[in-house]
Amino acid sequence: MADCEQFIIFARYMMNWQQLLSSKRLGLEDYHNERRDDRTVFQRDYDRLIFSAPFRRMQNKTQVFPLPGSVFVHNRLTHSLEVSSVGRSLGNDVSRLLIERHPELAGTYMTELGSIVSAACLAHDMGNPPFGHSGERAIGTFFSEGDGQWVHNFRCADTGDCLTEREWNDLTHFEGNANAFRLLTHHFVGRRKGGFVMTYATLASIVKYPYPSTMAGNHQKFGFFQDEQASYEQIAAELGIERVAYPDGTVRHARFPLVYLVEAADDICYEIMDIEDAHKLKILSDEEATTLLMAFFDEERLVSIRRVLGMLGDVNEQIVYLRSCVIGKLEQECVRVFVEHEDEILAGTFRGSLIKHIEPVAREAYQNCVEAAFTKIYHCKDVLDVELAGFRIITHLTGLMVEAVCHPERAYSQLLLSRVSSQYDTKAPTLYGRIMAVLDYISGMTDVYALDLYQKINGINIPGIG
């Protein structure tokens with residue numbers, strides 16, 4: 001039986017495009033904002049992100065490979081910009097086709113799908129800690145299997161409380177996706193209500209897993225921490241995102257439809273761009289990279305592709321051309337899947353990602369890229385070295401900072417906490433609040449800042465000495 005047939009839905013409903021594409025801003029619900037220029041509200045979301053410090057810091061955060069030396073490869077910022085570009089194309093093409101199908105939507109925010117998706121794509125990785133997924137795992141495992149297990153039953157003398165099981169779940173399953181939603185919505189010290197004050201539609205588009213950490217299960221993924229659950233519930237109620245029952249017995253919100261487009265843009269970029277980067281770094285040979293990318297096309301399309309390749313003398317230019325052809329094909333396929341399955345997506349019954357439903361030749365070629373990346377890229381020495389170093393650095397910083405907020409009366413704790421920016425509420429009235437403030441601080445670091453702080457704290461690099 002197909003996945004969608006196994007899906008159980010209790011609420012008989014269809015999400016409504018006009019309700020889904022709300023321009024209301026979280027934190028400014030009652031504020032009438034006069035337009036002073038020609039930007040739409042969703043274009044303003046994009047601009048707020050582009051000009052923000054957390055976005056700029058992504059230029060010094062690892063994507064997969066070590067940050068560039070003589071050969072430039074992707075960091076978190078360039079990856080996010082490329083995802084945003086593909087996301088805009090996905091949104092614009094879906095918008096055009098759905099308006100043809102539903103002419104009554106021509107005068108609505110349906111025309112803004114490209115702007116909403118591109119803004120959400122910019123933000124999708126903003127919550128990731130330094131050193132890629134290694135930093136993310138280091139935080140979670142510090143609490144679940146490392147030296148931070150003592151925090152589980154610790155009662156803070158200063159606040160008088162200890163962690164609830166829900167709060168403990170947030171820490172042991174620490175997740176970059178949930179942290180991105182927190183960054184955009186959380187009311188940090190000195191920041192106006194609502195975080196970045198983004199539109200409901202843009203915020204909903206980044207919540208890939210619309211449930212809390214208590215529902216994360218074995219795959220460890222979830223969409224929001226306990227502090228931000230009320231914000232997500234508010235957004236879901238406003239947009240008409242209903243709860244549905246899944247075959248595993250859980251009841252959780254359906255995915256916001258545009259999440260599928262953000263996810264597809266990310267899937268397309270990270271997998272295909274990793275192949276190009278690996279070729280630049282000579283992890284994949286010319287033949288390996290060419291074979292992986294040409295496998296996306298049937299023989300008829302390959303005739304014209306080979307003609308162009310013959311006019312390109314440089315092999316790197318050939319790989320770039322093939323990569324652009326693959327991204328174009330995957331974008332078109334994901335648009336087709338989304339439009340063909342519109343009713344299931346609006347009903348909350350569509351299962352899996354758009355990539356999993358593309359035509360068989362492209363789907364098999366994409367899976368080949370996934371397998372090649374896993375065996376030859378993600379386990380190559382340079383990548384593993386960064387992951388190992390990053391894991392140690394983030395684990396060490398997390399341990400010191402968590403101990404400091406749990407025992408703020410100690411002299412060393414006071415020295416450590418004096419380095420933390422005042423925007424992070426390390427004196428929050430609850431233990432959970434203090435620990436989350438520490439994780440906000442650490443996850444906001446760049447790779448270079450985290451390494452520098454690690455060295456200074458451990459006396460490896462002392463300013464003015466050496």
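N75 and T78 are linked by a side-chain donor-acceptor pair at a separation below 3.5 angstrom, with hydrogens and angles left out of the test. Judged by distance alone, the side chains of Q423 and Y441 never bring a donor and an acceptor atom under 3.5 Å apart. Side-chain contact check for N60 and Y449: no donor-acceptor pair (N or O, by modelled atom type) lies under 3.5 Å. For the residue pair E228 and T185, no side-chain donor N or O sits within less than 3.5 Å of a side-chain acceptor on the partner. Side-chain contact annotation: T291 with E288, donor-acceptor N/O pair under 3.5 Å absent. Using modelled atom types and a 3.5 Å distance limit, the side chains of H124 and N177 yield no donor-acceptor pair.
Judged by distance alone, the side chain of R182 and the main-chain N or O of D440 form no donor-acceptor pair under 3.5 Å. A donor-acceptor pair is defined here as one N or O able to donate and one able to accept, closer than 3.5 Å; such a pair exists between the side chain of D447 and the backbone of F131. Y270 places no side-chain N or O within 3.5 Å of a backbone atom of V83 that could act as its donor or acceptor partner. Remark: the backbone N or O of L81 is not paired with any side-chain donor or acceptor of S84 at under 3.5 angstrom. Judged purely by atom type and a 3.5 angstrom limit, N179 has no side-chain atom pairing as donor or acceptor with the backbone of E175. Between the H357 side chain and the R351 main chain, a donor and an acceptor come within less than 3.5 Å of each other. Under the 3.5 Å distance criterion, the side-chain polar atoms of T111 are matched with a main-chain donor or acceptor of T108.
Atom CD of E104 sits in a crowded spot, with more than 12 heavy atoms from other residues, nucleotides or ligands closer than 6.0 Å. No more than 12 heavy-atom neighbours from other residues, nucleotides or ligands sit within 6.0 angstrom of CD on E364.
Ion pairing of K61 with D125 is absent here, as no side-chain N (NZ or NE/NH1/NH2) approaches a carboxylate O to less than 4.0 Å. Look at D93 and R96 and you find a salt bridge, because one of the NZ, NE, NH1 or NH2 atoms lies within 4.0 Å of a carboxylate O, short of that distance. With respect to the salt-bridge test (charged N to carboxylate O, under 4.0 angstrom), the residues D170 and R166 do not qualify. The residues E371 and K376 are annotated as not salt-bridged, no charged nitrogen and carboxylate oxygen being separated by less than 4.0 angstrom. A salt bridge between E299 and R306 is present, with a side-chain N of the basic residue lying under 4.0 Å from a carboxylate O of the acidic one. Salt bridge annotation for K329-E359: present, with a cationic side-chain nitrogen under 4.0 angstrom from a carboxylate oxygen. Salt-bridge check for E387 with R137: passed, with a basic side-chain N closer than 4.0 Å to an acidic carboxylate O. Between R363 and E333, none of the side-chain N atoms (NZ, or NE/NH1/NH2) sits under 4.0 Å from a carboxylate O, so this pair counts as no salt bridge.
The closest side-chain heavy-atom distance from E342 to L346 is below 4.5 Å. Taking 4.5 Å as the limit, some side-chain heavy atom of D298 sits within range of a side-chain heavy atom of R301. By the 4.5 Å heavy-atom criterion applied to side chains, L113 and N92 are not counted as neighbours. For the pair L322 and L309, the minimum side-chain heavy-atom distance is below 4.5 Å. Counting heavy atoms from C-beta outward, Q18 and L105 have side chains that approach closer than 4.5 Å. In this structure, V117 and C121 have side chains that are in contact, with non-hydrogen atoms separated by less than 4.5 Å. Taking the side chain as every heavy atom from C-beta outward, R392 and T395 never approach each other to under 4.5 Å. Annotation: side chain of N128 is in contact with side chain of R76 (closest heavy-atom distance under 4.5 Å).
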Please walk me through it: do S144 and H173 pass side chain to side chain contact (heavy atoms under 4.5 Å, CB included)? CA-CA 8 Å; S144 64; H173 293 82; over 6 Å; no
Pair S80, M58 - check side chain to side chain contact (heavy atoms under 4.5 Å, CB included), show working. CA-CA 9 Å; S80 297; M58 289 199 294; 3.5 Å; yes
Derivation and outcome, side chain to side chain donor-acceptor pair (under 3.5 Å), residues E112 and T40: CA-CA 8 Å; E112 288 293 308; T40 68; 2.8 Å; yes
Decide side chain to side chain contact (heavy atoms under 4.5 Å, CB included) for V251 and V244; before the verdict, give the C-alpha distance in whole Å, the side-chain angles of both, and the deciding distance to 0.1 Å. CA-CA 5 Å; V251 177; V244 295; over 6 Å; no
Given side chain to side chain contact (heavy atoms under 4.5 Å, CB included), test Y366 with D267 step by step and report yes or no. CA-CA 10 Å; Y366 184 87; D267 287 346; 3.5 Å; yes
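Geometrically, R39 does not engage Y46 in a cation-pi contact, judged by NZ or CZ lying under 6.0 Å from the ring centre and within 45° of the ring axis.
Centroid-to-centroid, the aromatic rings of Y260 and F350 come within less than 6.0 Å. Taking the centre of each ring, F225 and F174 come in below the 6.0 Å mark.
Here the straight-line distance linking atom CG of L21 with atom OG of S115 works out to 11.5 Å at 0.5 Å rounding. For the atom pair CG (L354) and CG (L261), the distance works out to 6.0 Å, reported to the nearest 0.5 Å. The CD1 atom of I442 sits 12.0 Å away from atom CD1 of I393, with the distance rounded to the nearest 0.5 Å. Between atom CZ of residue R307 and atom CG of residue L312 there is a gap of 13.0 Å, rounded to the nearest 0.5 Å. One finds the CE atom of M14 at 13.0 Å from the CD atom of E242 (value rounded to the nearest 0.5 Å). Atom CG of L239 and atom OH of Y200 lie 8.0 Å apart (nearest 0.5 Å).
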Side-chain donor-acceptor contacts of residues 202-212 below 3.5 Å, not counting sequence neighbours, with atom names and distances?
unit_1	atom_1	unit_2	atom_2	d
T202	OG1	D45	OD2	2.7
T202	OG1	T199	OG1	3.0
S205	OG	A201	O	2.8
Y211	OH	H219	NE2	3.2

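A254 approaches M15 most closely through the heavy-atom pair CB-CE, 4.2 Å. Shown here for N169 and S213, the closest heavy-atom pair between the two residues is CB-OG, 3.3 Å. Nearest heavy atoms, A180 versus A123: CB-O, 3.8 Å. Between L183 and P54, the shortest heavy-atom contact is CD2-CB, 3.8 Å. Closest of all the heavy-atom pairs between S118 and R88 is OG-NH2, 3.6 Å. Here the shortest heavy-atom pairing between S22 and E238 reads OG-OE2, 4.0 Å.
Under the ring pair (Phe, Tyr, Trp, His ring centres under 6.0 Å) criterion, F224 pairs with Y232, not counting sequence neighbours. Partners of F42 according to the ring pair (Phe, Tyr, Trp, His ring centres under 6.0 Å) rule, which considers only residues two or more places apart in sequence or in another chain, are Y109.
Here the options are E276, E271, E82, E317, the test is salt bridge (Lys or Arg N to Asp or Glu O under 4.0 Å), and the partner is R323; only E276 passes.
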